[in-house]
Amino acid sequence: MRLHELLLRVARGEVRRRSGLLRVDGPELDDLAHQAAADALLAITSKIGQFRGESRFSTWAYKFVIFEVSSKIGRHFWRRPQVPLEAEEWERLPDRFGLDPARESEWRELITALRRAVETELTERQRQVFVEIVLNGVPLDALVARLGSNRNAIYKIMFDARRKLRTALAANGYPHGNTSEPQR
Amino acid sequence: MNDMSALDRFLHTDPEDVGCGQAMEVLHLYAELAATNAEAAAERYRGVAAHLRACGPCQEDLEGLLAAITDPRQ
Ligand SMILES: [Zn+2]
């Protein structure tokens with residue numbers, strides 16, 4: 001079987017596997033699979049010198065199909081955002097972290113402290129990425145597409161933001177693992 | 001008492017986490033080992049395993065690659 005056909009089969013399988021996340025119909029999904037297979041073939045062709053035989057060739061090649069499907073789904077989401085991307089949806093945060101509304105008295109203060117830390121401790125870029133990913137629920141790959149960045153860079157911004165926020169909360173008397181009872 | 005655990009988990013950062021770039025670099029090696037022995041893969045590539053626990057998109061890519069290489073039709 002020709003390499004392109006194999007890549008297309010993998011791309012179709014992967015698009016189907018992820019299709020629950022996408023509100024698109026069959027022809028559009030198939031188009032996405034075709035584009036992913038074509039771009040994966042280009043990536044494989046240009047990187048073929050990097051293949052060292054440490055895995056089966058097919059495993060190495062399929063990896064590029066998966067990456068292409070991920071990034072195309074991210075771009076697709078960005079073209080059709082499901083949420084308004086400018087508002088800061090702080091009221092959604094408790095729901096995102098599964099906080100029980102009946103126990104609001106226990107976590108309200110912590111959420112307030114978290115919000116203050118987001119506003120005062122983070123750089124503008126970190127705050128922007130935090131708001132989009134955590135508050136607005138934008139998938140990381142969609143934000144990558146929007147900012148014309150790469151996954152590694154956006155992940156690193158979030159990683160540094162998470163570490164700063166945890167440190168700030170700890171400094172305010174919210175020890176990890178027992179954050180429902182702030183010690184003042 | 002575990003009400004905040006999802007937030008705790010989210011804010012927790014693992015110093016061993018290698019980031020997306022390095023994880024994606026070896027994802028084919030990780031997947032091939034994980035296809036037969038997930039624990040061995042996590043042991044051999046500790047920093048990648050730490051990353052996959054924290055990064056949804058890379059974990060999703062691993063699952064996609066595992067599905068592709070274990071598909072009996074491939
Ligand atoms: Zn990642």
Interface moiety of [X] toward chain B, non-hydrogen atoms closer than 4.5 Å:
X	answer
A:Glu54	both
A:Lys63	both
A:Thr59	both
A:Ile154	neither
A:Val134	side chain

**Short side-chain to backbone donor-acceptor contact, B:Arg46 and B:Glu16, under 3.5 Å** =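 Pair absent, no side-chain N/O of B:Arg46 close to backbone of B:Glu16.
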
**Request:** Could you label the plane-to-plane angle of the A:Phe51 and A:Phe57 rings as parallel, tilted or perpendicular, counting under 30° as parallel and over 60° as perpendicular?
**Result:**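 A:Phe51 vs A:Phe57 ring planes: perpendicular.
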
**Asked** Considering all heavy atoms of both residues, which atom of A:Tyr174 and which atom of A:Ala113 are nearest to each other, and what is their separation?
**Response**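 Taking A:Tyr174 first and A:Ala113 second, the nearest heavy atoms are CE1-CB, 3.6 Å.
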
**Among B:Gly56, B:Ala31, B:Ala35, B:Cys58, residue most engaged with chain A (heavy-atom pairs, under 4.5 Å)** = B:Cys58

**Message:** Any donor-acceptor pair under 3.5 Å linking the side-chain atoms of A:Gln35 with those of A:Asp39?
**Reply:** no

**Request:** Find the one option among A:Arg56, A:Gln50, A:Arg163 whose heavy-atom pairs under 4.5 Å with chain B are most numerous.
**Result:**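 Ranked by contacts with chain B, first place is A:Arg56.
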
**Message:** Please evaluate residues A:Leu122 and A:Lys164 with respect to the criterion side-chain contact (heavy atoms from CB on, under 4.5 Å), reporting the C-alpha separation (whole Å), side-chain torsions for both, the decisive distance (0.1 Å), and the verdict.
**Reply:** CA-CA 7 Å; A:Leu122 302 188; A:Lys164 270 190 184 174; 4.0 Å; yes

**Message:** Are there over 12 heavy-atom neighbours, none belonging to A:Arg17, within less than 6.0 Å of that residue's CZ?
**Reply:** yes

**Message:** Is B:Ala23 in contact with chain A via its backbone, its side chain, both, or neither, using a 4.5 Å heavy-atom distance?
**Reply:** neither

